[in-house]
Amino acid sequence: MLIKAELEKLVKKALEGAAAKEGWSLSKEIKVPIERPRESRWGDFASPLAMQLASQLRMPPRKIAEAIAGQIPDVDFLEKITVEGPGYLNFILAPVWLAGQVEEILAQGEAYGNIDIGRGKRVQVEFVSANPTGPLTVGSGRNAVIGDTLANALAAAGYEVQREYYINDAGSQMRLFAETLYARYAQALGRDEPVPEKGYRGQYMVDLGREIAEEEGERFLRLPKEEAIQAVGEIGLRKMLAWIKDDLEAIGIRYDNWFSERSLYQDGLFEKVLELLRKKGFITEKEGAVWFASTELGESKDNVLIRRTGEPTYFASDIAYHYDKFFRRGFDWVIDVWGADHQGHVPRMKAMMKALGLDPARLSIVIYQLVTLKRGGKEVRLSKRTGEIITLRELVDEVGSDAVRFFLLARSPDSHMDFDLDLATQRSSENPVYYIQYAHARICSIFRHAGDLDYSDGDVQLLRHPREMELLRQLVRLPEVIEIVVAQLAPHHIAYYAQELANAFHLFYRDCRVVSSYPEDREITKARLKLVKATQIILAKVLGLMGVSAPERM
RNA sequence: GCCCCCGUAGCUCAAUUGGAUAGAGCGGCGGACUUCGGAUCCGCUGGUUGGGGGUUCGAGUCCCCCCGGGGGUACCA
């Protein structure tokens, strides 16, 4: 249950009641703000509504707050409502209700915390979609973790989610990749074949060329060069995709669909969408190229769709691709996760939505800032083409999937991220992820210690210790956390919540003996075992949302 | 030049999108429990939120100017 939403409804009704009673004339549609106060002495929830209304009603905010508070009916989850400070309404959760949530969690299991703001709407999260021309970088890893965690949160919020990887298997970068690879293949067979001017310089291309030479022999050298480049490129593409897939699986990411850019051309969709735009009058031709007339939609400039050479731009592919997402596959909402180096592409995409007659709000683009790698206190520059790469795989091999996922997740997408390789690889035990996992392992240990003690008839209403209450307050926050992650498309909130939950548990553990051997403690032992079980369920769920394992032992 | 993101404790970052006395982790210093895991816990240390104006009951958050970092500004992706 989303208490916040319940409170919003309650306060709104109370406001209407107070307005009727006091004769206030309110402007229509007042949004009732409900927030989490900074300090616990201000209760569990608060609303600054009265302060917002003060000037409009020309009344002291405290008076308004009191009038509203007087109209709020008794509900099971609230202990009391107070008016504090300049005119805040403060809400305090009822201990009976909080303790009762333990039974709720035990009954619902890992479904606890799920909400239904999605109402089964179909949403697609497209993420990573790195060019299959090289291994995934740490930056791709950030993309992967943001996308996958968002997808998990959306599913928990009641959306039907599809994860998709868009394969850029057409276009100029692919061409360059094939040419480079052909050169490396030929070189591996002793030919003097130069790598293209702007080709991919990494060692991995040398290795890949040699691998193909070993597997395929000299047969491609006997083909006309153009055909050979095609053929070697195809093999390379397959190998590269397998490699990418493998690297993503190493951090627990699997896709529902891999979508080929090339398929947009093969089945004629590209032509069809271009024709559609032409009919709608969004196509102009000038300087030998075909343009998308985005200036007509408020854009600062037009964008090329088909170059003078006849080759489509990737923007053109993207239009057809998104047409496919919305019209052919019928997604209600599409979320694309892109690095900051693609931010300039966003306004074009929004213009495209309008041109296709779609509400731009149905396309969300999450832009995350780039990752700066540091080693020995100085920056490591990355480039696939020049070849100096710190791959995602190298990092995962050194520090493990759990730590990598948590570290890449625990920052707002808007935040530039410094990744200190020395810190990550040498001092990984300082990573807060272990703190969270430790809480889970510790719980498992408690149950091992409790053995087969039957606590099923434990009375959760015995739970009233301050540490127990604090833990309960954290447990019931989960639905709100899921909501905010989806509302803001900001999955880092899960990481913070996980730490706070683990902290509440560790404090409880220190101050409250769970399994006691004294006979007089029998009932509280059973009640606490229920609380601990509930905590285990929520911890495991939250770790699962982050794609981090929940170990029984560490 | 123009557009986007950022600037918060020694370091890495939060701050419920305008709310109450700006919080965590790490580092540093000092402590804790003779039964459930010390990868834990507690305390201390630490701030003119880059600077300056403004908007209002109220600003880290919004507006303007300046400083600094990153990204974009291609018939690359």
Side-chain angles (χ1 to χ4, degrees), chain A residues 4 33-39 41-42 45-48 51-52 54-55 60-61 84-88 90 129-131 133 168 171-174 176 198 287-291 300-301 303-309 311-315 317-318 339-347 367-370 372 407 410-420 423 427 429-432 434-435 437-439 441-450 477 480-481 483-484 487-488 490 492-493 495-496 499-500 502-503 505-507 509-518 525 528-529 532 553-554:
Chain A
K4 218 168 172 172
I34 301 289
E35 56 194 41
R36 284 283 191 174
R38 217 188 282 278
E39 289 188 38
R41 67 189 165 93
W42 292 319
F45 293 90
S47 177
M51 278 113 77
Q52 290 175 9
S55 64
E84 306 280 353
Y88 284 95
N90 286 359
S129 300
N131 276 347
T133 53
N168 297 105
S172 56
Q173 293 305 314
M174 199 63 237
L176 192 58
K198 289 179 171 174
E287 299 157 33
V290 177
W291 298 70
S300 53
K301 60 179 191 298
N303 296 99
V304 171
L305 293 177
I306 299 178
R307 302 180 184 107
R308 205 173 319 170
T309 59
E311 219 187 347
T313 61
Y314 95 118
F315 175 50
S317 300
D318 251 9
D341 52 341
H342 287 67
Q343 38 152 295
H345 191 44
V346 175
I367 298 290
Y368 63 92
Q369 297 302 312
L370 302 179
T372 306
F407 195 89
R411 261 120 227 189
S412 150
D414 272 342
S415 166
H416 293 102
M417 196 167 139
D418 275 358
F419 199 117
D420 188 328
L423 205 67
R427 298 152 82 175
S429 66
E430 286 157 14
N431 193 314
Y434 300 105
Y435 176 86
Q437 291 181 312
Y438 185 75
R442 195 174 227 182
I443 288 171
C444 294
S445 170
I446 291 172
F447 282 108
R448 283 193 294 270
H449 184 257
R477 273 182 61 203
E480 269 172 81
V481 174
E483 192 215 6
I484 198 169
Q488 299 183 2
H492 68 284
H493 287 112
Y496 280 85
Q499 288 180 84
E500 285 159 25
N503 179 240
F505 172 75
H506 286 307
L507 285 168
Y509 177 87
R510 185 191 55 151
D511 292 346
C512 299
R513 177 78 202 179
V514 179
V515 180
S516 166
S517 51
Y518 303 117
T525 287
R528 283 176 176 167
L529 280 171
V532 170
R553 289 189 163 87
M554 293 174 70

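Side-chain atoms are counted along with the backbone in the values below, which use heavy atoms only and exclude waters and symmetry mates. Keep in mind that what you see is a predicted model, and the values were worked out from it rather than measured. Proteins get letters first, then strands, A, B, ... in listed order; numbering begins at 1 in each.
Going from the P atom of G18(B) to that of C6(B) covers 13 Å, rounded to whole Å. U16(B) and G23(B) have their C1' atoms separated by 13 Å, with the value rounded to a whole Å. Comparing the P positions of A20(B) and A59(B) gives an interatomic distance of 10 Å, to the nearest angstrom. When the C1' atom is compared between C42(B) and G51(B), the two are found 39 Å apart, to the nearest whole Å. The separation of C63(B) from U73(B), taken at their P atoms, amounts to 25 Å, rounded to a whole angstrom. One P atom belongs to C66(B), the other to G27(B), and the distance between them is 42 Å to the nearest Å. Taking the C1' atom of each, C3(B) and U45(B) are spaced 43 Å apart, rounded to whole Å.
With a 3.5 Å ceiling on both atom-pair distances, the Watson-Crick or G-U wobble partner of G43(B) is C29(B). Pair assignment for G18(B) gives none, since no Watson-Crick or G-U wobble pairing has each distance under 3.5 Å. Pair check for G37(B) finds none; no Watson-Crick or G-U wobble contact set falls under 3.5 Å. When Watson-Crick and G-U wobble pairs are counted only if both distances are under 3.5 Å, G1(B) pairs with U73(B).
Ala46(A) comes within 4.0 angstrom of a nucleotide base, judged by non-hydrogen atoms across all strands. As judged by a 4.0 angstrom heavy-atom cut-off over every strand, Tyr509(A) is placed among the base-contacting residues. Heavy atoms of His342(A) sit under 4.0 angstrom from at least one base atom. Nucleic acid contact class of Cys512(A) (heavy atoms, under 4.0 Å, all strands): base. In this structure, Asn168(A) reaches the sugar-phosphate backbone alone: every heavy-atom distance under 4.0 Å involves primed, P, OP1 or OP2 atoms, never a base. Across all strands, Ile306(A) comes closer than 4.0 Å to no nucleic acid atom at all (heavy-atom distances).
In textbook terms, a nucleotide whose glycosidic angle is within 90° of 0 is syn, and U17(B) is one such case.
Counting heavy atoms from C-beta outward, Gln369(A) and Ser412(A) have side chains that stay 4.5 Å or more apart. A 4.5 Å side-chain heavy-atom check between Asp318(A) and His345(A) finds at least one atom pair inside the cut-off. The closest side-chain heavy-atom distance from Tyr496(A) to Val481(A) is not below 4.5 Å. A 4.5 Å side-chain heavy-atom check between Pro33(A) and Pro48(A) finds at least one atom pair inside the cut-off.
In this structure, Arg442(A) fails the cation-pi test against Phe505(A), since its NZ or CZ atom is not both closer than 6.0 Å to the six-membered ring centre and inside 45 degrees of the ring normal.
A donor and an acceptor atom never sit less than 3.5 Å apart when one is taken from the side chain of Asn303(A) and the other from the base of A74(B).
Residue ring and base: Trp42(A) counts as stacked with A20(B) (centre distance below 5.5 Å, interplanar angle below 30°).
Checking the phosphate oxygens (OP1, OP2) of C41(B), a side-chain nitrogen or oxygen of Tyr435(A) falls inside 4.0 Å. Considering only side-chain N and O atoms, His492(A) lies under 4.0 angstrom from the phosphate OP1 or OP2 of A15(B). Between Ser172(A) and A77(B) there is a side-chain polar atom (N or O) within less than 4.0 angstrom of OP1 or OP2. The side chain of Arg38(A) places no N or O atom within less than 4.0 Å of a non-bridging phosphate oxygen (OP1 or OP2) of U16(B). A close approach under 4.0 Å does not occur between any side-chain nitrogen or oxygen of Asn431(A) and OP1 or OP2 of A39(B).
For Asn503(A), the listed nucleotide lying nearest its side chain is C41(B); candidates were U21(B), C41(B), G25(B).
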Could you walk me through whether Met417(A) and Tyr368(A) pass the side chain to side chain contact (heavy atoms under 4.5 Å, CB included) check? CA-CA 10 Å; Met417(A) 196 167 139; Tyr368(A) 63 92; over 6 Å; no
In 5'-to-3' order, the base (B), backbone-only (S) or no-contact (-) status of each nucleotide in nucleotides 1-10 of chain B, using a 4.0 angstrom heavy-atom cut-off, is ---BBS----
